[in-house]
Amino acid sequence: MDDSRTAAAAPDPILTLGAVALRDRLAAGEVSAVSVVRACLAQIANREPEIQAWAWLDGDHALQQAERLDALRKSGRPIGPLHGLPVGVKDIIDTADMPTANGAALDEGRQPQEDSFVVERLKSAGAVIMGKTVTTELAYMHPGKTRNPHDTAHTPGGSSQGSAAAVAAAMVPLAVGTQTAGSIIRPAAFCGVTGFKPTFGSIPRRGVLAQAPSLDTVGVFARGPQDAALLADSLYGYDAADTATRPIPMPRLLRTAQGNPPAPPVFAMIRPPGWDDADPDLHAAFDELAETLGERAFTFTLPAPFDGAETARSRIQLAEMARCLHAYANEAPDRLGPETRTAIERGNTILARDYLSALDWREVLYSGLEQIFERCNAILCPAAPGPAPRDLSTTGDPVFNGLWTFCGTPSVTLPLLTAQNGLPMGVQLVGPRGEDARLMRTATWLFDWIGA
């Protein structure tokens, strides 16, 4: 066995419950918020030295929140939908009572004056803000300190690496992250948990570091799709400060995910650009998955224009990074990692006509996806090119994620596959814009059917 694979002590049994089941026990008073937080802190003490998922953590602060929530429940007053559930928050999301350093040396010790929209919602829903999880530098590709809980010699992915690893190691049942290319789906796949990226504009980004506003999307991590739906339900909304959001009815993700689909779902299995270079283990696993699904799946080849999607998405990201992160590069470029510095430099060279042309491709490509969605409930494809690379200097390749971020479609990865080396591999499902609830119902069906 690899020396980096240490035998971790089993977590408290309460932490083996999914977030929905744990919520129900908390609401019924069968367990207290304090006992759950104490179990999380014990698990963190056990595994954090090797995994390093946390950028900021104060156990006393977490316990104080839990004590207030327990007193609220005992008073008979209404409790929130996330009552007592500990949640990790990516360290690019502002918290008024905790530092938010954005994974950047220049922001070390930075203390926001106000909570982000996301944190406001978490608090109003009764969640315990457990602490801030590690992000890559400025949510780009310069790795943070976090390691993969399944094998600490392997990357946990990026940029929401701390959130994915904390959930995978049972430090918290839920966590929040963001995605601009593949920063939710990829680390979730590498760490063997569920990651959910909603339709673009579903969760307001006020108080979240802006890297590339045309792409930046807030999402969540959990053990399974219904647990992810529970958390996301409390975060969807409209905020006038975020022009990507709209005042539309909330989708009721969990209620829909808990229902039975009217008929067994049909999947369009695609091999997106980059498939030929993927790990042989992934190829074999998807062949087996196709055989298992049988008539519930059909194969589909994306038209040639999709081959240029990643180039267009990357051009948008780099150009907007150059604008949004200009102050970091201008003030102290020598304090940025090489990946971040190079990205900003490349963004500075992109011409306006090329940037605007790249933006035009979003709707062109989505119109092509709509034709696929007419024939299936969800697109099914890999979440990453294989298991997590054995290389802590990289966060892995987002090649199978950027298309869906670019087109603004909801996507979810499920921990359903295993490579020959024992590391997890993710299955990614993609749905039409605005059909997030139906996508989570389809994901629940596949998770229960394949994962059972």
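If you read the sequence from its start, that first residue is 1, and numbering goes on from there.
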Report yes if the side chains of [X] and [Y] come closer than 4.5 Å at any heavy-atom pair, otherwise no.
{"X": "Cys40", "Y": "Leu15", "answer": "yes"}
{"X": "Asp233", "Y": "Leu230", "answer": "no"}
{"X": "Arg362", "Y": "Ser214", "answer": "yes"}
{"X": "Lys90", "Y": "Thr133", "answer": "yes"}
{"X": "Phe267", "Y": "Leu289", "answer": "no"}
{"X": "Cys191", "Y": "Val167", "answer": "no"}
{"X": "Asp227", "Y": "Thr194", "answer": "no"}
{"X": "Lys145", "Y": "Val134", "answer": "yes"}

Check your understanding: Which residue pairs pass the side-chain hydrogen bond (donor to acceptor under 3.5 Å, both in side chains) test with at least one member in residues 397-412, sequence neighbours excluded?
Key ->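 Listed by first then second residue: Gln179-Thr405.
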Exercise for review: Scan for side-chain hydrogen bond (donor to acceptor under 3.5 Å, both in side chains) pairs involving residues 240-251, sequence neighbours excluded, and state none if there are none.
Suggested key: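 Qualifying pairs, neighbours excluded: Arg205-Asp242.
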With rounding to the nearest 0.5 angstrom, report the [atom1] to [atom2] distance, [X] to [Y].
{"X": "Leu416", "Y": "Ile450", "atom1": "CG", "atom2": "CD1", "answer": "6.5 Å"}
{"X": "Leu325", "Y": "Tyr140", "atom1": "CG", "atom2": "OH", "answer": "10.5 Å"}
{"X": "Asp12", "Y": "Leu41", "atom1": "CG", "atom2": "CG", "answer": "11.5 Å"}
{"X": "Leu293", "Y": "Leu446", "atom1": "CG", "atom2": "CG", "answer": "6.5 Å"}
{"X": "Phe196", "Y": "Asp436", "atom1": "CZ", "atom2": "CG", "answer": "4.5 Å"}
{"X": "Gln258", "Y": "Thr444", "atom1": "CD", "atom2": "OG1", "answer": "8.0 Å"}

Indicate whether any N or O donor in one side chain lies under 3.5 Å from an N or O acceptor in the other, for [X] and [Y].
{"X": "Ser160", "Y": "Ser183", "value": "no"}
{"X": "Arg313", "Y": "Gln317", "value": "yes"}
{"X": "Ser202", "Y": "Thr199", "value": "no"}
{"X": "Thr340", "Y": "Glu137", "value": "yes"}

So, for [X] and [Y], which heavy atoms are closest and what is the spacing to 0.1 Å?
{"X": "Gly408", "Y": "Lys197", "value": "C-NZ, 4.3 Å"}
{"X": "Ile93", "Y": "Ser116", "value": "CG2-OG, 3.1 Å"}
{"X": "Asn148", "Y": "Ala388", "value": "ND2-CB, 3.5 Å"}
{"X": "Arg252", "Y": "Thr256", "value": "O-OG1, 3.0 Å"}
{"X": "Gly386", "Y": "Phe190", "value": "O-CE2, 3.5 Å"}
{"X": "Leu369", "Y": "Cys407", "value": "CD1-SG, 3.9 Å"}

With no hydrogens and no angle check, is any side-chain donor or acceptor of [X] less than 3.5 Å from a backbone partner on [Y]?
{"X": "Thr217", "Y": "Leu215", "answer": "yes"}
{"X": "Gln428", "Y": "Pro382", "answer": "yes"}
{"X": "Arg438", "Y": "Pro432", "answer": "no"}
{"X": "Arg341", "Y": "Leu336", "answer": "yes"}
{"X": "Arg433", "Y": "Tyr366", "answer": "no"}
{"X": "Gln161", "Y": "Gly144", "answer": "yes"}
{"X": "Gln111", "Y": "Thr95", "answer": "yes"}

So does [X] have more than 12 non-hydrogen atoms from other groups sitting under 6.0 Å from [atom1]?
{"X": "Arg110", "atom1": "CZ", "answer": "yes"}
{"X": "Arg346", "atom1": "CZ", "answer": "no"}
{"X": "Glu108", "atom1": "CD", "answer": "no"}
{"X": "Gln420", "atom1": "CD", "answer": "no"}
{"X": "Asn260", "atom1": "CG", "answer": "no"}

Please, which pairs that meet salt bridge (charged side-chain N to carboxylate O under 4.0 Å, His left out) have at least one residue in [range], sequence neighbours excluded?
{"range": "residues 60-86", "answer": "none"}
{"range": "residues 316-337", "answer": "none"}
{"range": "residues 159-177", "answer": "none"}
{"range": "residues 119-134", "answer": "Asp91-Lys132, Asp97-Lys123, Asp115-Lys123, Glu120-Arg206"}

Review point. Do Leu209 and Thr178 pass the side chain to side chain contact (heavy atoms under 4.5 Å, CB included) test, and can you show the C-alpha distance, the side-chain angles, and the key distance before you say yes or no?
Key: CA-CA 10 Å; Leu209 174 73; Thr178 64; over 6 Å; no
Quick one: list whatever passes side-chain hydrogen bond (donor to acceptor under 3.5 Å, both in side chains) with [X], sequence neighbours left out.
{"X": "Glu30", "value": "Arg25"}
{"X": "Asp24", "value": "none"}
{"X": "Gln226", "value": "none"}

Residues two or more places apart in sequence or in another chain: which of them pass salt bridge (Lys or Arg N to Asp or Glu O under 4.0 Å) with [X]?
{"X": "Glu339", "answer": "none"}
{"X": "Asp216", "answer": "none"}
{"X": "Glu48", "answer": "none"}

Practice item. Give the C-alpha distance, both sets of side-chain angles, the deciding distance and a yes or no for side chain to side chain contact (heavy atoms under 4.5 Å, CB included) between Trp54 and Met130. Key: CA-CA 10 Å; Trp54 297 92; Met130 200 70 187; 4.0 Å; yes
**Study point:** Check against side chain to side chain contact (heavy atoms under 4.5 Å, CB included), Leu122 and Val176
**Key:** CA-CA 10 Å; Leu122 289 172; Val176 182; 4.3 Å; yes
Check your understanding: Yes or no on side chain to side chain contact (heavy atoms under 4.5 Å, CB included) for Asp391 and Thr155, after CA distance, side-chain angles and deciding distance?
Key -> CA-CA 6 Å; Asp391 184 353; Thr155 179; over 6 Å; no
